[in-house]
Amino acid sequence: MDSRHLKGEKMSKLLVRVKVFPDGVEVNLDDLTQKIADKLLPDISVRSTRKEPIAFGIFALIIDTTMDEKENLTDELEKTISEVDHVSQVEVIGMSNLSTTLK
């Protein structure tokens, strides 16, 4: 166990960026974003979202989330998002301490 937990210190926050691929071009990405946000674990929150063009009218969602720095939480994030209807693939594409910025 990390010594910070023994001393009762607060864990640091992480910014985790995920890329979410829908399972078709007809998927409403705004609705999909809301479904993902509704399904996230209580200690994970959506900080921002944007649409990224892939090819030929196909877009992926880029979702920045914040969470406490805990073991396996990014795995749980990927698993939770992948279980949402109309999600084809989920990939963590960046991770940083919240005090820094992902480009």
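Between the side chains of D30 and Q34, not a single donor N or O lies within less than 3.5 Å of an accepting N or O.
The pair K35-D85 fails the salt-bridge criterion, with no side-chain N (NZ, NE, NH1 or NH2) lying under 4.0 Å from an Asp/Glu carboxylate O.
Separation of atoms NZ (K79) and CG (L41) is listed at 9.5 Å; rounding is to 0.5 Å. Note that CG of L61 and CZ of F21 are 10.0 Å apart. Values are rounded to the nearest 0.5 Å. Here the straight-line distance linking atom CD of E83 with atom CD of E78 works out to 12.0 Å at 0.5 Å rounding. The distance from atom CG of L15 to atom OG of S48, rounded to the nearest 0.5 Å, is 7.5 Å.
At a threshold of 4.5 Å between non-hydrogen side-chain atoms, the residues L73 and L77 do not count as touching. Using a 4.5 Å heavy-atom cutoff, the side chains of F59 and L29 are in contact. No side-chain heavy atom of I44 sits under 4.5 Å from any side-chain heavy atom of T66. Contact of the H86 side chain with the P22 side chain is not registered, since no non-hydrogen atoms from C-beta on lie closer than 4.5 Å. When side chains are defined from C-beta on, D68 counts as touching K13, because their heavy atoms get closer than 4.5 Å. You'll find the side chain of I93 reaches within 4.5 Å of the side chain of I62, heavy atoms only. Between L14 and M95 there is a side-chain heavy-atom pair separated by less than 4.5 Å.
With a 6.0 Å radius and a threshold of 12 heavy atoms from other residues, nucleotides or ligands, K39 has its NZ atom above the threshold.
Between the N28 side chain and the D31 main chain, a donor and an acceptor come within less than 3.5 Å of each other. Remark: the backbone N or O of V16 is paired with a side-chain donor or acceptor of T65 at under 3.5 angstrom.
The only member of T49, L40, V90 that meets side-chain contact (heavy atoms from CB on, under 4.5 Å) when paired with I63 is T49. Applying the salt bridge (Lys or Arg N to Asp or Glu O under 4.0 Å) test between D64 and each of R50, K19, R47, R17 identifies R17 as the sole match.
Across all non-hydrogen atoms, the minimal contact from V27 to D23 is CG2-OD1, 3.3 Å. Between V25 and G57 the shortest heavy-atom distance is CG1-O, 4.3 Å.
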